[in-house]
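Have a look at the structure below, then the notes.
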Amino acid sequence: MISINDLTQQLSVSVSGGGQLIAGLAIDSRKVEQDYLYIALQGEQVDGNDFIDEAKSKGAVALATELPHILMQKNMPGFASSNLRQQLGYIASEFYACPSKSVNITAITGTNGKTSTAHFIQQIYKKLNQRCAIVGTLGMSLGDQNIDTVNTTPDAISFQAFLQQVKSEACENLVLEASSHALVQGRLNGTAIDCAIFTNLTHDHLDYHKTMDAYYEAKRQLFEFDSLTTAVINIDDDFGVRLYRFLSNQSKVKPFLISLRDPQANLFCHTVCYSTQGIHVDMQLNFEGKEERQQLLLPFIGEFNIYNSMLAAAKFICDGFSLTRLQPALESLDSVLGRMQLIPHTNITAVVDYAHTPDALENILLTLSTTARQSGSKLIVVFGCGGDRDQSKRPLMAAVVDKYADLAIVTDDNPRYESSEAIIEQIVSGFSFISYQVIADRAAAIRRAVEMAQQGDVLLVAGKGHEQYQIVNGVQYDFSDQQVLRDALDNVCGEASND
């Protein structure tokens, strides 16, 4: 247990009853237990202050709130702060005895590629006989244990609790997906991050950030952590160049640059050749006086996976590993669930991918359209857009499909609380030339796409990727693109293979 005074020693707050001992923290009154500090935050839809009495009845002995008059009314030990949400990370870190100081943490930010890059880093650690925990879109994972999370980057209390577990199990490394929402909301405050990686920045989340400049500024916050020793940046992205220029004016962290275009980058792909076995690349390293060149066969399709592999490799190069040492690990990387995931079949090339932004979708379609054209086949795309999210990207998604695909079926993604019809109407406004159908039922849309496919065709089911659910009218239902696609291939085409 820890006293409120010790819990808030780094914060500029006035504390009442500072000697009160705390056994736990909760921002959800339903999770309060005996001797907990209840932290009442004002959210967009729910005000935590409305649940103080419930928290107290469940054992809360102290209160933190953004409203000083509430603290006085409830007559509980604790403190009030208008900056409470930003301070929560520091509070949680202090409660769990600053676990991040004992773990080597790599945090990845950007629009696309975070999940693949994070999992590539975890795989490389494993191939180097080191343990690595992971936090991101697919949950929080340590060894065989996986904890599902609501957000890509979990709330500060859940994250610091997981870090404490990582520390207690003597796992020395953790890789983390840092979302722009998490950075703006301070969920990583109080965390000692060693390495920050920037993948790219494209149109997404403008419902929240409003402008691309604000979106970039949110991502940039990751590179201003005092603990940072390494910064890896993709400078083939315009915002990556902007970030590099910003860091160049800071004396503390020297950026490590990766590129497929600029031979002066620290890690540069000299040549790229695509084949049925994967991608042949010639990587050239020039870093801190070390020069090295290594030919590699990356077991993927898609240029974006070259970037993800290079970003992962760069992290270990900054830690002192050579390309030669990393070659076996890089050449044996596995694809990530729902990221350009092939669903094996003898008749058609069927792919599931999480692409849910215009840029991510274009990267996938550019690769798959090339594959289809080479065999004289069609490219069929099933996609939709999530409800209660950035509406401006919806016609842009359709425009990308319009540019590359031969046939399209527009369907539901996660409508959430929004009208399916309204979402689809906004999507189809972006079409100009392509032949498309609207089938709101996602399972029916996938089955119809399989029925339309002929021998040799390429079929992409985009948007949900790894997700094993669908949210309609606020209700979460079990749903897997992979399973629905496998079943449809079995029933329509027959002879489907197992993974």
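- To the nearest 0.5 angstrom, Glu177 atom CD is 6.5 Å from Ile134 atom CD1.
- Under the 4.0 Å criterion applied to side-chain N and carboxylate O atoms, Lys315 and Asp319 are assigned as salt-bridge partners.
- Note on ring orientation: taking the six-membered ring where Trp is involved, the planes of Phe321 and Phe316 are perpendicular (angle over 60°, cut-offs 30° and 60°).
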Open item on the list: Test ring-ring contact (aromatic ring centres under 6.0 Å, His included) on Phe479 and Tyr469; report intermediate values, then the result.
Closed with: CA-CA 4 Å; Phe479 191 95; Tyr469 58 84; 9.9 Å; no
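- When side chains are defined from C-beta on, Glu331 counts as touching Gln327, because their heavy atoms get closer than 4.5 Å.
- If you check the side chains of Gln122 and Asn173, you find no donor sitting under 3.5 Å from an acceptor.
- Side chain of Gln482 to backbone of Gly465: a donor-acceptor contact under 3.5 angstrom is found.
- One N or O on the side chain of His356 and one on the backbone of Tyr354 form a donor-acceptor pair closer than 3.5 Å.
- Side-chain atoms of Leu138 and Thr115, non-hydrogen and from C-beta on, do get closer than 4.5 Å to each other.
- Shown here for Pro255 and Leu247, the closest heavy-atom pair between the two residues is CG-CB, 3.7 Å.
- For the residue pair Asn112 and Thr199, the shortest heavy atom distance occurs at O-OG1, 2.7 Å.
- One distance of note links OH of Tyr96 with OG of Ser168; it measures 11.5 Å at 0.5 Å rounding.
- Rounding to the nearest 0.5 Å places CE of Met452 at 7.5 Å from NZ of Lys378.
- A side-chain donor from one of Gln391 and Gln426 sits under 3.5 Å from a side-chain acceptor of the other.
- Here the side chains of Val272 and Ile306 are in contact, with some heavy-atom distance below 4.5 Å.
- Counting heavy atoms from C-beta outward, Leu485 and Leu459 have side chains that approach closer than 4.5 Å.
- Less than 6.0 angstrom separates the ring centroid of Tyr436 from the ring centroid of Phe431.
- Counting non-hydrogen atoms of other residues, nucleotides and ligands closer than 6.0 Å to CD of Glu451 gives a total above 12.
- Summarising the geometry of Met397 relative to Ala355, their closest heavy-atom pair is CE-O, 4.4 Å, with the distance given to 0.1 Å.
- Taking 4.0 Å as the cut-off between side-chain N and carboxylate O, Arg442 and Asp481 count as a salt-bridged pair.
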Task: Test ring-ring contact (aromatic ring centres under 6.0 Å, His included) applied to Phe300 and Phe120, step by step - done: CA-CA 12 Å; Phe300 305 113; Phe120 290 171; 5.0 Å; yes
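- Look at Glu362 and Lys403 and you find a salt bridge, because one of the NZ, NE, NH1 or NH2 atoms lies within 4.0 Å of a carboxylate O, short of that distance.
- In this structure, the side chains of Thr271 and Val281 stay at 4.5 Å or more apart for every pair of heavy atoms.
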- [ ] Show your reasoning for whether side-chain hydrogen bond (donor to acceptor under 3.5 Å, both in side chains) applies to Asp390 and Ser392.
- [x] CA-CA 6 Å; Asp390 185 359; Ser392 64; 2.6 Å; yes
- [ ] May I have the step-by-step check of side-chain hydrogen bond (donor to acceptor under 3.5 Å, both in side chains) for Gln160 and Ser100, ending in yes or no?
- [x] CA-CA 8 Å; Gln160 293 296 332; Ser100 63; 5.2 Å; no
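- By the 6.0 Å contact criterion, CZ on Phe223 is enclosed, its count of non-hydrogen atoms from other residues, nucleotides or ligands being greater than 12.
- Scanning both residues, Asn347 and Gln455, for their nearest heavy atoms gives OD1-OE1, 3.3 Å.
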TODO: Show your working on side-chain contact (heavy atoms from CB on, under 4.5 Å) between Leu460 and Phe383 and close with a plain yes or no.
DONE: CA-CA 8 Å; Leu460 170 66; Phe383 78 108; over 6 Å; no
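- Between the side chains of Thr357 and Thr111, no donor-acceptor pair of N or O atoms lies under 3.5 Å.
- Figure legend: Arg220 and Phe246 shown as a cation-pi pair, the cationic atom lying under 6.0 angstrom from the six-membered ring centre and within 45 degrees of its axis.
- The environment of CD in Gln437 is crowded: more than 12 heavy-atom neighbours from other residues, nucleotides or ligands sit within 6.0 Å.
- Taking 4.0 Å as the cut-off between side-chain N and carboxylate O, Asp353 and Arg339 do not count as a salt-bridged pair.
- Side-chain atoms of Leu326 and Ile317, non-hydrogen and from C-beta on, do get closer than 4.5 Å to each other.
- In this structure, Asp388 CG and Ile471 CD1 are separated by 9.5 Å, a value rounded to the nearest 0.5 Å.
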Open item on the list: Could you walk me through whether Asp236 and Ser259 satisfy the side-chain hydrogen bond (donor to acceptor under 3.5 Å, both in side chains) test, starting with their C-alpha distance in whole Å, then the side-chain angles of each, then the deciding distance to 0.1 Å, before giving a yes or no?
Closed with: CA-CA 6 Å; Asp236 289 347; Ser259 175; 2.6 Å; yes
Task: ring-ring contact (aromatic ring centres under 6.0 Å, His included) assessment of Phe256 paired with Phe287 - done: CA-CA 8 Å; Phe256 183 103; Phe287 179 59; 4.9 Å; yes
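- When side chains are defined from C-beta on, Tyr404 does not count as touching Leu361, because their heavy atoms never get closer than 4.5 Å.
- When all heavy atoms of Leu228 and Leu222 are compared, the pair lying nearest together is CD2-O, 4.1 Å.
- Using a cutoff of 4.0 Å between basic side-chain nitrogens and carboxylate oxygens, Arg242 and Glu217 are scored as salt-bridged.
- The neighbour count for Asp441 CG, taken as heavy atoms of other residues, nucleotides or ligands under 6.0 Å away, is above 12.
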Open item on the list: What verdict does the salt bridge (charged side-chain N to carboxylate O under 4.0 Å, His left out) test give for Glu303 and Arg261, after you've listed the backbone C-alpha separation in whole Å, the side-chain angles of each residue and the deciding distance to 0.1 Å?
Closed with: CA-CA 12 Å; Glu303 182 182 75; Arg261 304 172 191 164; 5.5 Å; no
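- Atom CD1 of Ile105 is separated from atom SG of Cys132 by 10.0 Å, given to the nearest 0.5 angstrom.
- Atom CD1 of Ile193 and atom CG of Leu176 lie 6.0 Å apart (nearest 0.5 Å).
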Task: salt bridge (charged side-chain N to carboxylate O under 4.0 Å, His left out) evaluation trace for Lys464 with Asp412 - done: CA-CA 10 Å; Lys464 290 177 61 59; Asp412 285 346; over 6 Å; no
- [ ] Decide side-chain hydrogen bond (donor to acceptor under 3.5 Å, both in side chains) for Gln476 and Asn414; before the verdict, give the C-alpha distance in whole Å, the side-chain angles of both, and the deciding distance to 0.1 Å.
- [x] CA-CA 9 Å; Gln476 182 169 302; Asn414 291 316; over 6 Å; no
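- The 12-atom threshold is exceeded at CD of Gln130, counting heavy atoms of other residues, nucleotides or ligands nearer than 6.0 Å.
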Task: Check against side-chain contact (heavy atoms from CB on, under 4.5 Å), Leu257 and Phe268 - done: CA-CA 9 Å; Leu257 311 179; Phe268 169 65; over 6 Å; no
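- Here the side chains of Asp457 and Thr349 are not in contact, with every heavy-atom distance at 4.5 Å or above.
- Shown here is Lys127, whose NZ atom has more than 12 heavy atoms of other residues, nucleotides or ligands within 6.0 Å.
- In this structure, Ala444 and Ile439 approach most closely via the heavy-atom pair CB-CG2, 3.9 Å.
- For the pair Ser158 (side chain) and Pro154 (backbone), a donor-acceptor distance under 3.5 Å is absent.
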